[in-house]
Chemist: 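Sharing a structure below in C-alpha cells format, with a few things to ask.
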Amino acid sequence: MAETASELRRQILLEHNEEQSSTSFHGGEKLIPIEEEMEDLHDGLSFGQFMVAGSVAGMVEHMAMFPVDTLKTRMQMLASTGGFSHSGVGKALLSIMRSEGPFGLYRGIGAMGLGAGPAHAVYFSVYEFCKEKFGGNKPGHHPLVHAGSGVTATIASDAVFTPMDVVKQRLQLRCSPYRGVMDCITRMLKEEGIRAFYVSYRTTVVMNAPFTAMHFATYEAMKEALSGISPETASEENLFVHIMAGGVAGAIASAVTTPFDVVKTRLQCQGVCGADRFTSSSIRNAVQTIVAKEGPTALLKGLKPRVLFHAPAAAICWSTYEACKSFLYNWNAKSAT
C-alpha cells in the first residue's frame with residue numbers, strides 16, 4: 001500500500017529511535033520526540049518542495065483529463081459560436097473525432113501546460129502553509145480549517161491560472177481564429193488589452209471558493225468515513241483513500257458549481273467565433289443574459305463532462321501529490337544520512 005509523506009516520516013523516525021536505543025549503551029544519543037519532530041518538519045518538506053509536488057500533480061491532472069475539458073468547453077458554448085447543438089458527451093466526442101480528428105481534443109493544451117504547473121505550485125504551497133498556521137495538522141479532523149486553507153489557496157492560484165485558462169478556452173473552440181498560444185496572447189493584448197485575460201477572474205474566484213470549500217470538507221469527511229469502514233487503516237492515509245475521497249469530493253463540488261463555470265466560459269470566450277459580448281464582467285449580468293436568451297437550463301450545460309473531468313482529476317491530483325511528497329521526503333531523509 002502506498003504511503004503518504006506523514007506515514008513515511010513517522011516510519012523513518014521510529015526506525016531512527018529504535019536504532020539509537022539498540023546501539024547507545026550510555027545514553028549519549030538523544031531520541032527524537034516523534035510528535036514534536038513531525039510538527040517541526042511539517043511533512044519534512046520545505047515550501048519550495050511543496051511547490052514542486054503541487055506543480056507535478058497539477059500538470060499530470062490537467063494533461064491527463066484535457067480531452068474531457070475540451071468537451072466541456074464546447075458543450076457550454078452555443079453551436080453557432082464554436083460549441084455543440086447536442087448535449088450528449090458521446091455525440092460531442094464523435095463530432096470532434098469526425099471533423100477534426102484526435103488532435104481536435106488537444107487544442108489549447110500548450111496554454112494549459114504553461115498555466116497548470118505554476119498555478120498548482122502556488123495552490124498547494126499556500127494550502128500547506130495555511131493549513132499549518134491554522135492548526136490543520138494537529139491530531140483529529142479539521143474540515144473547516146482545511147476548507148478555509150483551500151479557499152485562501154484558490155484565490156492566490158486563480159490569479160496565476162486565469163490568464164492561461166482564457167487562452168486555453170479560446171483555442172478549444174471549434175472555429176477558433178487563433179493559430180496557437182502565442183498568436184492568441186498577442187492578438188488579445190493588441191485588440192482587447194490586458195484586462196481581457198482577467199475578465200473572468202471574479203467569476204472564477206466566486207466559483208472556486210465554494211468549490212474548494214466543499215471539495216475539502218467532503219474530502220475530509222470521506223477520508224474519515226472510509227477509515228471507519230476499514231478500522232485497521234484508520235490512522236493511515238493510503239493511496240486508496242486519496243483516490244476514493246478525492247474522486248467523490250471532486251464530483252460533488254463540480255456538479256454544484258457548474259452554473260458558475262458556464263458563466264466563466266462565456267465571459268472568457270465572448271466575442272470569439274461570433275459569441276455574444278456582455279456589457280460588463282458582472283456575474284449577475286451574465287446570468288441574466290444567458291437565462292433570457294437560452295433559458296435557465298443553459299446554466300447546466302457541460303454538467304456531465306465537468307463531473308467526468310473533476311472526479312478522476314481530483315483522484316489523480318491528490319494521489320500524485322501525496323506520491324511526490326513521499327518521494328521528496330524520502331529524498332531528504334537519504335540526503336541527511
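Keep in mind it's a predicted model, so treat the numbers as computed, not measured.
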Chemist: Looking at every non-hydrogen atom in both residues, tell me the closest pair between Lys264 and Asp165 and how far apart they are.
Modeler: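 For Lys264 versus Asp165, the nearest heavy atoms are NZ-OD2, 2.9 Å.
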Chemist: Do you reckon Phe103 sits in the same ILVMFWY cluster as Leu94, going by side-chain contacts under 4.5 Å, direct or chained?
Modeler: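 No, Phe103 does not connect to Leu94 through the hydrophobic network.
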Chemist: Group every Ile, Leu, Val, Met, Phe, Trp and Tyr by side-chain heavy-atom contacts under 4.5 Å, then state whether Val307 and Val89 land in the same group.
Modeler: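 No.
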Chemist: Transitively linked via ILVMFWY side-chain contacts under 4.5 Å: Met207 with Val287?
Modeler: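 Yes, one cluster joins them.
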Chemist: Test side chain to side chain donor-acceptor pair (under 3.5 Å) on Asn285 and Thr279 and set out the steps.
Modeler: CA-CA 8 Å; Asn285 173 257; Thr279 56; 3.2 Å; yes
Chemist: Identify whether the distance between the nearest side-chain nitrogen and carboxylate oxygen of Lys133 and Glu128 falls below 4.0 Å.
Modeler: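 Judged by the 4.0 Å cut-off on N to carboxylate O distance, Lys133 and Glu128 do not form a salt bridge.
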Chemist: Run the numbers on Leu45 and Asn332 for side chain to side chain contact (heavy atoms under 4.5 Å, CB included), then give the verdict.
Modeler: CA-CA 8 Å; Leu45 304 180; Asn332 289 349; 3.8 Å; yes
Chemist: About how many Å separate OG1 of Thr289 and CZ of Arg277, when rounded to the nearest 0.5 Å?
Modeler: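 Rounded to the nearest 0.5 Å, the CZ-OG1 separation comes out at 14.0 Å.
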Chemist: Roughly how far, to the nearest 0.5 Å, is the OG atom of Ser254 from the NZ atom of Lys72?
Modeler: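 Here the interatomic distance stands at 10.5 Å.
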Chemist: Donor-acceptor check, side chain of Thr212 to backbone of Asn208, threshold 3.5 angstrom: yes or no?
Modeler: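 It does hold such a pair.
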Chemist: What's the spacing between Met77 CE and Leu173 CG if we round to 0.5 Å?
Modeler: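 Here the interatomic distance stands at 5.5 Å.
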Chemist: If you compare all heavy atoms of Cys269 against all heavy atoms of Ala275, which two are closest, and at what distance to 0.1 Å?
Modeler: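 Heavy atoms only, the tightest pair is O-CB, 3.5 Å.
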Chemist: Return the OG1 to CZ distance between Thr70 and Arg174, rounded to the nearest 0.5 Å.
Modeler: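 Rounded to the nearest 0.5 Å, the OG1-CZ separation comes out at 14.0 Å.
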Chemist: For a 4.5 angstrom cut-off between non-hydrogen side-chain atoms, does Thr162 reach Ser200?
Modeler: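 Thr162 reaches Ser200 side chain to side chain.
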Chemist: Where is the tightest heavy-atom contact between Ala119 and Ser157, given as atom of each residue plus distance?
Modeler: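 Nearest heavy atoms, Ala119 then Ser157: O-CB, 3.3 Å.
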Chemist: Could you report the tightest heavy-atom contact between Cys273 and Ser176, atom names first, then the distance?
Modeler: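 Here Cys273 and Ser176 meet closest at SG-N, 3.7 Å.
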Chemist: Tell me whether Thr257 contacts the main-chain N or O of Phe260 through its side chain, where contact means a donor paired with an acceptor under 3.5 Å.
Modeler: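 Looks like no, no N/O pair under 3.5 Å.
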Chemist: Take atom OH in Tyr106; do more than 12 heavy atoms of anything else shown fall under 6.0 Å from it?
Modeler: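 Check fails, neighbour count at 12 or below.
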Chemist: Compare every heavy atom of Ala156 with every heavy atom of Val126, then report the nearest pair and how far apart it is.
Modeler: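 Closest approach of Val126 to Ala156, heavy atoms only: CG2-CB, 4.4 Å.
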Chemist: Test of understanding: with ring-ring contact (aromatic ring centres under 6.0 Å, His included), list the residues that count as partners of His62, not counting sequence neighbours.
Modeler: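 Counting only residues at least two positions away or on another chain, His62 forms a ring-ring contact (aromatic ring centres under 6.0 Å, His included) with His120, Phe161, Phe309.
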Chemist: Quick check on the hydrophobic clustering: are Val167 and Val160 connected, directly or via other members, by side-chain heavy-atom contacts under 4.5 Å?
Modeler: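 In one cluster: no.
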Chemist: Is any side-chain heavy atom of Pro177 less than 4.5 Å from a side-chain heavy atom of Val272?
Modeler: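 In short, these two side chains touch, coming nearer than 4.5 Å.
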Chemist: Could you tell me which non-hydrogen atom of Ala196 sits nearest to which non-hydrogen atom of Val166, and how far apart they are?
Modeler: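 Where Ala196 meets Val166 most closely, the heavy atoms are O-CG1, 4.0 Å.
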Chemist: Between Gln49 and Tyr329, is there a side-chain heavy-atom distance shorter than 4.5 Å?
Modeler: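 Not touching, per the 4.5 Å side-chain cut-off.
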Chemist: Whether Arg107 and Glu100 form a salt bridge (side-chain N of Lys/Arg under 4.0 Å from carboxylate O of Asp/Glu) is what I want to check.
Modeler: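 Arg107 and Glu100: not salt-bridged.
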Chemist: Kindly determine whether Arg266 and Glu294 satisfy salt bridge (charged side-chain N to carboxylate O under 4.0 Å, His left out), including the steps that lead there.
Modeler: CA-CA 13 Å; Arg266 297 294 183 90; Glu294 306 168 53; 2.7 Å; yes
Chemist: Establish, from distance only, whether the side-chain atoms of Asp261 and Gln76 form a donor-acceptor pair under 3.5 Å.
Modeler: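 Their side chains do contain a donor-acceptor pair, which is all the 3.5 Å distance test asks for.
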Chemist: Sequence neighbours left out, what pairs pass side-chain hydrogen bond (donor to acceptor under 3.5 Å, both in side chains) with at least one residue falling in residues 184-196?
Modeler: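 Sorted result for residues 184-196: Arg170-Glu192.
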Chemist: Give, for atom SG of Cys184 and atom CE of Met164, the distance between the pair rounded to the nearest 0.5 Å.
Modeler: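 The SG atom of Cys184 sits 8.0 Å away from the CE atom of Met164.
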Chemist: Would you call the rings of Phe124 and Tyr127 parallel, tilted or perpendicular if under 30° counts as parallel and over 60° as perpendicular?
Modeler: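 Perpendicular, since the angle between the ring planes exceeds 60°.
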Chemist: So do the side chains of Gln270 and Asp276 get within less than 4.5 Å of each other, counting heavy atoms only?
Modeler: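 Gln270 vs Asp276: side chains apart.
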Chemist: When rounded to the nearest 0.5 angstrom, what is the spacing between CG in Leu105 and CZ in Phe66?
Modeler: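 Reported value, rounded in 0.5 Å steps: 9.0 Å.
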Chemist: Under the side chain to side chain contact (heavy atoms under 4.5 Å, CB included) rule, what do Leu189 and Phe197 come out as? Steps first, then yes or no, please.
Modeler: CA-CA 9 Å; Leu189 284 171; Phe197 291 94; 3.5 Å; yes
Chemist: Answer yes or no: is there a donor N or O on one side and an acceptor on the other, between the side chain of Tyr198 and the main chain of Ala159, under 3.5 Å?
Modeler: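 Present.
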Chemist: Enumerate donor-acceptor pairs with a distance under 3.5 Å from any side-chain N or O in residues 145-154 to protein atoms, sequence neighbours excluded.
Modeler:
unit_1: His146; atom_1: ND1; unit_2: His142; atom_2: O; d: 2.6
unit_1: Ser149; atom_1: OG; unit_2: Lys131; atom_2: N; d: 3.3
unit_1: Ser149; atom_1: OG; unit_2: Val145; atom_2: O; d: 2.8
unit_1: Thr152; atom_1: OG1; unit_2: Gly148; atom_2: O; d: 3.0
unit_1: Thr154; atom_1: OG1; unit_2: Asp158; atom_2: OD2; d: 3.4

Chemist: Can Met75 and Lys301 be said to form a side chain to side chain contact (heavy atoms under 4.5 Å, CB included), step by step?
Modeler: CA-CA 6 Å; Met75 292 175 71; Lys301 285 186 174 182; 5.6 Å; no
Chemist: Please examine the side chains of Leu144 and Phe134, heavy atoms only from C-beta on, and report whether any two atoms are closer than 4.5 Å.
Modeler: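 The answer is no, as the side chains (C-beta and beyond) never meet within the 4.5 Å cut-off.
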Chemist: Does the distance from a Lys or Arg side-chain N to an Asp or Glu carboxylate O, for Arg306 and Asp69, drop under 4.0 Å?
Modeler: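 Looking at Arg306 and Asp69, the cut-off is not met.
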Chemist: Side-chain contact, heavy-atom cut-off 4.5 Å: Thr320 with Met59?
Modeler: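 When only atoms from C-beta onward are counted, Met59 and Thr320 do not touch, as no gap falls below 4.5 Å.
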Chemist: Is Val262 reachable from Val256 through a run of I, L, V, M, F, W or Y residues, each pair having side-chain heavy atoms under 4.5 Å apart?
Modeler: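 In one cluster with Val256: Val262, no.
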Chemist: Kindly say whether Ile316 contributes a backbone atom to a donor-acceptor pair with the side chain of Ser319 at under 3.5 angstrom?
Modeler: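 Yes.
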